[in-house]
Chemist: 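Sharing a structure with you now.
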Amino acid sequence: MASLPSVVVGNTVKLDRQFKKLTPSSLSLQNRNFNPKESDKSALDPFNLDFREALTLIQEGNTKVESSFYVPILQECIEKNSVSDVQALHAHVIKRGSYQDLFLMTFLVNVYAKCGTMESAQKVFDNLPARNVVTWTSLMSGYVYNSHPHLAISVFKEMLEIGGYPTNFTLGIILNACSSLCDIELGKHIHAYIIKYGIEYDASIGNALCSFYSKCGSLDMAFKAFSRIGEKNVISWTAIISACGDNGDSAMGLDMFVQMLSEGVDPNEFTVTSVLSLCCIIQALGFGTQVHSLSLKLGYGSQIPVTNSIMYLYLKNGCINEAKKLFDGMNTISLVTWNAMIAGHSQMMDLGQDGISTHFSGIEALKIFQRMKRSGVKPDLYTFSSILTVCSNLVALEQGEQFHAQTIKTGFLSDVVVGTALVNMYNKCGSIVRASRAFVEMSARTLISWTSMITAFTQHGLCQQALQLFEDMRLVGVRPNKITFVGVLSACSQAGMVDEALAYFELMKNEYKINPVMDHYACLIDMFVRLGQIEQAFEFIKKMDFMPSEFIWSILIAGCRSHGKLELGFYAAEQLLDLKPKDPETYFLLLNMYFSASRWKDVSRVRKLMKDEKIGKLKDWSWISIRNKVFSFNPDYQLSQEGELKKLLEDLQERARILGYQLQANLEVIDDEEETTSLPAHHSEKLAVAYGLLNTSNGRQIRVVKSISMCRDCHNFIKFISVLTSRTIIVRDSKRLHKFFNGNCSCGDFGSLL
DNA sequence: CTAGGGTTAG
């Protein structure tokens, strides 16, 4: 680092005015601080003129004006983002000789920067008669503002070389540059410099350090930087609150918010939006609602970002009506508002709601997209990634293809998130070929892109490709996370590669220091179960340092049922019942197990528990999307009115029987005390598949999405259909993707627990 | 004259 002082100070013309930022309305008001010479006053008082008039006067007049005259007009140029007006004023400044005024010229650097024309800002800077630390800092700030952090840093180094001495402002700006570059090295260097030279640790330094460490992923250091600030201002608090959110500790962020209020600091609109986004992450609707009313009290109700984030919070929590009310009440609907609406609808599925509301909110999201386009708003990358996700959820391939085309036309495909969303869309719509093409064509890939593609191969039963891609990913130096390992372990599980699975499990723990989560154990247990090694699976459950979840016991029970291990199955069922499962499907798994073992007492015990826990019937819906239209089916579908559909199903059933298909009965509907065994051969996906067969041309893929898991019988039957019709049939149920082709399914036949 | 914070994505 450069040695201290030797500040370059130009012959700064001191002006005795205070230049506060002027709003357009304040321009027309008399400013008490403005006190021009009498001679200028009558003709050229910018505070008595409107913008255009002032500009015209300046351009026509030959009078020399004071430097301060330009400032409010230039301010307005920033607001209007009018570079040409800035250039006109600049020309005038040169002609009238005010270019000697370092104060004014520094301001001009900032004006050009704020208008996004850094070339001009740099040119003004280069021609300055003298430079001081403020002019240097202005240039750096311009480069950071225009997303050229590396250029800001080279200006910084240049300044140090000629002996310039950075101030708190300078260091704050450079720390920001480090944040956006994730340049940990330089950031720490700056921090050391601050300590070494005893730079006063004020809020500007503390806030910048706090954000810097947060963006580098060290919440600990962010907290240290924060706590050293003597007088914490709103920005300090907002910085630490967002730091918590960015580093995965949203609950802590809410704590900090409470602490901030208790210390008597009022949040501003930025704080409110940050807090609301934390509420979104951890689904803290109640807290968010309180924050919302607080923000109304503080007068931020008309702030668009505040409304956007509360609307998004409502949507993510399924409060569609509240969200709609806010949306309808907004007088300015920004692109972000549309995006929040679309993203909110596309994400309602994360609520643990059934697949039916997910489906309808997806359809709603498509409608919102159309409304947005009709209103003349152009979609951006956020819109496209959300809408592609909607297509994934709906298994709406044709729609997805159209959006793909639009991303190409608009150039947003080059965005890595859009590209990743596209990979996911093709995968979830059952097209692994196009998914991998989209992946290969990406110009850049994030960890999430790699993970998506690995998971895609796994879901399509292409385990070798999944593992190969994982190795490629490591070769190019991308560090896997726990989700990547779920994909890897699940690939091994499907392929029955026990040794590899265990080796990857160790690799994850030892080399990547990732603590296993339930999903990893579930993969391994699933693997043993698939291989029929039920005892090993059970041993593994006993050995793991986790309380087995509902899902783990379900896998074991399904395995016990398939492999006739009744006693262990009953034991597991007791464990499962103790957990008071949440997922309705789990109860049906138990019912079916007891039913097939003729344990009637247990059947009624489970039924009673279901009543106590208010578990309703399973809502069996399937949808098929053909040429942008969605058709819905459930078991109540009136087949008699559709002679063709009924005939087709009967015909397929008969031909399947000849090939060896046998109907497996399941306990289906629990209607109070009444129970029926299912004979209707017509779960919703059979109807949807048959409808697809009738309404698409021969050889085309059939793509169906279903609200709950497939039952074994349907799973088996559709394998036969794929043989009888030579079609590829994709059914995405609530748990996984099934791609049926030539009598096989990509899930490796252990995909249906029910 | 130079800053610091925010909404929507996989």
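Throughout, a chain's letter reflects where its sequence line sits, starting with A, and its residues are numbered from 1.
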Chemist: Is any side-chain heavy atom of A/F169 closer than 4.5 Å to a side-chain heavy atom of A/S204?
Modeler: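 The answer is no; the side chains never approach within 4.5 Å.
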Chemist: Would you indicate, yes or no, if B/dT8 has its OP1 or OP2 atom less than 4.0 angstrom from a side-chain nitrogen or oxygen of A/Q347?
Modeler: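 Looking at the OP1 and OP2 atoms of B/dT8, neither is under 4.0 Å from any side-chain N or O of A/Q347.
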Chemist: Which nucleotide in the set B/dA9, B/dT8, B/dG4 lies at the smallest distance from any side-chain heavy atom of A/L381?
Modeler: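 Side chain of A/L381 sits closest to B/dA9.
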Chemist: Under 4.0 Å between a side-chain N or O of A/S452 and OP1 or OP2 of B/dG10?
Modeler: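 No, outside the criterion.
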Chemist: As a test of understanding, state which of A/T420, A/I448, A/I432 forms a side chain to side chain contact (heavy atoms under 4.5 Å, CB included) with A/M453.
Modeler: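 Option passing the side chain to side chain contact (heavy atoms under 4.5 Å, CB included) with A/M453: A/I432.
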Chemist: Does A/Y312 lie flat on the base of B/dT8, that is, centres under 5.5 Å apart and planes under 30° off?
Modeler: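 A stacking contact does not exist, since A/Y312 is not both close and nearly parallel to the base ring of B/dT8.
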Chemist: Please tell me which of the listed nucleotides, B/dG10, B/dC1, B/dA9, lies nearest to the side chain of A/A421?
Modeler: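 Looking only at heavy atoms from C-beta outward on A/A421, the closest nucleotide is B/dG10.
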Chemist: Using only heavy-atom distances, decide whether a donor-acceptor pair under 3.5 angstrom links the side-chain of A/T238 to the base of B/dG4.
Modeler: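 Side chain to base: no pair present.
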Chemist: How is A/I448 classified with respect to the nucleic acid when contacts are heavy atoms under 4.0 Å: base, sugar-phosphate, or nothing?
Modeler: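 Base contact - A/I448 has a heavy atom under 4.0 Å of at least one base atom.
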Chemist: Sequence neighbours left out, what pairs pass salt bridge (charged side-chain N to carboxylate O under 4.0 Å, His left out) with at least one residue falling in residues 134-160 of chain A?
Modeler: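 Pairs touching residues 134-160 of chain A that pass the test: none.
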Chemist: Roughly, in whole Å, what's the span from CG in A/L209 to P in B/dG4?
Modeler: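 Going from A/L209 (CG) to B/dG4 (P), I get 14 Å.
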Chemist: Let me know the distance between CG of A/L315 and P of B/dA9, rounded to the nearest Å.
Modeler: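 In whole Å, B/dA9 P and A/L315 CG are 11 Å from each other.
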Chemist: If you look at every strand shown and take non-hydrogen atoms under 4.0 Å, does A/D415 touch a base, only sugar-phosphate, or nothing?
Modeler: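 It contacts base atoms.
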Chemist: Kindly write out the residues that satisfy side chain to side chain contact (heavy atoms under 4.5 Å, CB included) with A/D519, not counting sequence neighbours, or none if the list is empty.
Modeler: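 Expected list: A/V486, A/V517.
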Chemist: Under 4.0 Å: is that the gap between some side-chain N or O of A/S141 and OP1 or OP2 of B/dA3?
Modeler: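 For B/dA3, OP1/OP2 do have a side-chain N/O of A/S141 under 4.0 Å.
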Chemist: Any side-chain N or O of A/N176 under 4.0 Å from OP1/OP2 of B/dG4?
Modeler: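 Affirmative; the distance criterion is met.
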Chemist: Side chain of A/N308 only, please: which of B/dT7, B/dT8, B/dG10 is the nearest?
Modeler: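 From the listed options, B/dT7 comes nearest.
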Chemist: Just checking A/T170: base, sugar-phosphate only, or nothing, at a heavy-atom cut-off of under 4.0 Å?
Modeler: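 Nothing, no nucleic acid heavy atom in range.
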Chemist: Of the candidate nucleotides B/dC1, B/dA3, B/dT8, which contains the atom at the shortest distance from the side chain of A/F103?
Modeler: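 The closest nucleotide is B/dC1.
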Chemist: Under the criteria of a ring-centre distance below 5.5 Å and an interplanar angle below 30°, is A/F169 stacked with the base of B/dT2?
Modeler: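 Yes, the aromatic ring of A/F169 stacks with the base.
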Chemist: Just checking, any donor-acceptor pair under 3.5 angstrom between side chains of A/N424 and A/S392?
Modeler: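 Looking only at side-chain atoms, A/S392 and A/N424 do not form any donor-acceptor pair under 3.5 Å.
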Chemist: Return yes when atom CZ of A/F223 has more than 12 non-hydrogen atoms of other residues, nucleotides or ligands closer than 6.0 Å, and no otherwise.
Modeler: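 Atom CZ in A/F223 is packed in, count exceeds 12.
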Chemist: Expressed in angstrom and rounded to an integer, what is the separation of A/N339 atom CG from B/dT7 atom C1'?
Modeler: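 The distance from CG of A/N339 to C1' of B/dT7 comes to 10 Å, rounded to the nearest Å.
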Chemist: If you check the A/V417 side chain, which of B/dT8, B/dA9, B/dT2 turns out closest?
Modeler: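 When the side chain of A/V417 is considered, B/dA9 is the closest of B/dT8, B/dA9, B/dT2.
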Chemist: Expressed as a whole number of angstroms, how long is the span from A/I342:CD1 to B/dA9:C1'?
Modeler: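 Nearest whole value for this atom pair: 12 Å.
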Chemist: When you get a sec, tell me which of B/dT2, B/dT8, B/dA9 is the closest nucleotide to the side chain of A/T137?
Modeler: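 So the side chain of A/T137 is nearest to B/dT2.
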Chemist: Is it the case that more than 12 heavy atoms not belonging to A/I483 sit under 6.0 Å from its CD1 atom?
Modeler: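 12 or below, so no.
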Chemist: Starting from P on B/dG10, measure out to CZ on A/F412 and report it in whole angstrom.
Modeler: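 Taking atom P of B/dG10 as the reference, CZ of A/F412 is at 16 Å.
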Chemist: Mind calculating the distance between NZ (A/K232) and P (B/dA3) to the nearest angstrom?
Modeler: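 To the nearest whole Å, that distance equals 24 Å.
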Chemist: Have a look at A/A208 and say if it touches a base, only the backbone sugar-phosphate, or nothing, with a 4.0 Å heavy-atom cut-off.
Modeler: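 No contact.
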Chemist: Does a side-chain N or O from A/Q303 land closer than 4.0 Å to OP1 or OP2 of B/dT7, or not?
Modeler: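 Negative; the distance criterion is not met.
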Chemist: How long is the line joining CE of A/M341 and P of B/dT7, in whole Å?
Modeler: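 Those two atoms, CE and P, are 19 Å apart.
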Chemist: So, is A/S386 close to the B/dT8 phosphate, meaning a side-chain N or O under 4.0 Å from OP1 or OP2?
Modeler: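 For B/dT8, OP1/OP2 do not have a side-chain N/O of A/S386 under 4.0 Å.
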Chemist: What's the CG-P distance between A/L278 and B/dT8, to the nearest Å?
Modeler: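 That distance rounds to 10 Å.
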Chemist: Measuring from the side chain of A/N207 (C-beta onward, heavy atoms only), which nucleotide among B/dG4, B/dT8, B/dA3 has the closest atom?
Modeler: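 The answer is B/dG4, which lies nearest to the side chain.
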